[in-house]
Amino acid sequence: MGSTKRILLPQPIEKEAMELLQKSGYEIVLSPDPKPETVKPLMKGVQGIILRTGIKMTRELMSHGDDLWVISRTGAGVDNVDVAAATEMGILVTCVPGAHTKTVVEHTLALILALVKQIPLMDQEVRRDNFGIRFKNIPRDLNGKTLGVVGIGRIGSELARVCHQAFGMHILAHDPYLSPKAQVAFEDWVEFCDIERLFRESDIISLHVPFSPATEKLIGAKHLCWMKPDAFLINTSRGGVVDEEALIQFLREKRIAGAGLDVFIQEPLDKDSPLKSLDNVILTPHTAALTRECVTRLAVEAVRSAIDVLNGKGASEGIVNPEVLSQPRWQGFFLD
């Protein structure tokens, strides 16, 4: 590691995180914009990168980091990092896995409530002076309904807990990566089942799985066919886990009641995306974790993680590629 310690910011970070970085004594290299061609020459001589979502750390881009040790993501997802390439290069990748959990749960619950209570429709009709819409009893109760959660990690399990405790909802869960031993912790209030039963029996289905080759288009036409015609699908994970074309078809044909989507295969959406013309879907711009409080928390934790790693104090709980620590360059790096 060079004598001058530098941390690169491809994008600005929140004031509180910047102050923490300034106090650390590291030289801050702030890119004018997150374009790869702008960031590339700034990679030389930096030891750490605080990474937001505006740029992807590709193999080619990381190859310009001649003294790069850690890439610290200001979020839980690392789909904008070529983790395999980083590992080959001996670069540690960290994320902030738990800091946005409650924030994303709040947004997911907001989508659920807006759909079930038909908030957009009620608002629209009142503005049209159709106060009589109230007598059609279109909104529905959550109490006693079944919530299906695909992926029962931090966010999925917290959503399930809130819905069970606050609304008395029955919880079905599907997570093939959760061991039977880990499932025991939920056995009093969560019923684990196969994905077909979950889709057939749930009134609301919420997706909470990371995006990877294994989960690409995990939810397709087959799964949507299993859904009740009055059921809703919620996705606050990643757009790529759903076959978007199939979902659009089912929404257009009213074969399911609706959807709440915070994520999409292409972001931003195309100007002529069919999703924009559908009246049974609520769209938000990948903003589930982007509250004022949460973005600050994520940035601060990402900075703290990078500083701890570079100061030899050890890696955070959010280390993504722990196998990198067995490489020669890391031997004896951390203080005892």
Could you give me the CA-CA distance, side-chain angles and deciding distance for Glu37 and Lys40, then say whether salt bridge (Lys or Arg N to Asp or Glu O under 4.0 Å) is met? CA-CA 5 Å; Glu37 59 269 27; Lys40 186 185 298 182; over 6 Å; no

Test salt bridge (Lys or Arg N to Asp or Glu O under 4.0 Å) applied to Arg127 and Asp123, step by step: CA-CA 6 Å; Arg127 294 173 191 275; Asp123 175 82; 2.7 Å; yes

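Under the 30°/60° scheme for interplanar angles, the aromatic rings of Phe192 and Phe186 are found to stand perpendicular.
Residues Cys163 and Leu142 form no side-chain contact, since every pair of their non-hydrogen atoms from C-beta on lies 4.5 Å or further apart. Side-chain contact check for Val116 versus Lys145: every heavy-atom pair is 4.5 Å or farther apart. For the pair Ile234/Leu115, a side-chain contact is recorded, criterion being any heavy-atom separation below 4.5 Å from C-beta on. A heavy-atom distance below 4.5 Å is not found between the side chains of Met57 and Val93. Looking at heavy atoms from C-beta onward, Arg197 lies out of side-chain contact with His174 at the 4.5 angstrom threshold. Using a 4.5 Å heavy-atom threshold, the side chains of His64 and Val39 count as separate. Residues Cys225 and Phe199 are not in side-chain contact: their nearest non-hydrogen atoms beyond the backbone lie 4.5 Å or more apart.
Between the side chain of His164 and the main chain of Met169, a donor-acceptor pair closer than 3.5 Å is present. Not one N or O on the side chain of Asn321 forms a donor-acceptor pair closer than 3.5 Å with the backbone of Val324. The backbone N or O of Arg52 sits less than 3.5 Å from a side-chain atom of Asn80, completing a donor-acceptor pair. When atom types are taken as modelled, the side chain of Asp194 and the backbone of Glu196 share a donor-acceptor pair closer than 3.5 angstrom. Remark: the backbone N or O of Asp262 is not paired with any side-chain donor or acceptor of Thr236 at under 3.5 angstrom. Gln11 contributes a side-chain N or O that, together with a main-chain N or O of Gly54, makes up a donor-acceptor pair within less than 3.5 Å. Using modelled atom types, one side-chain atom of Asn235 and one backbone atom of Ser237 make a donor-acceptor pair closer than 3.5 Å. Proximity of a side-chain donor or acceptor of Asn280 to a complementary backbone N or O of Leu251 within less than 3.5 Å is detected. A donor-acceptor contact shorter than 3.5 Å links the side chain of Ser24 to the backbone of Leu21. A donor-acceptor pair is defined here as one N or O able to donate and one able to accept, closer than 3.5 Å; such a pair exists between the side chain of Arg73 and the backbone of Leu51.
Of all heavy-atom pairs spanning Glu301 and Val96, the tightest one is CB-CG1, 3.7 Å. Closest approach of Val149 and Gly151 over heavy atoms only: CG1-O, 3.3 Å.
Distance OG1/Thr103 to CD1/Ile155: 9.5 Å, rounded to 0.5 Å.
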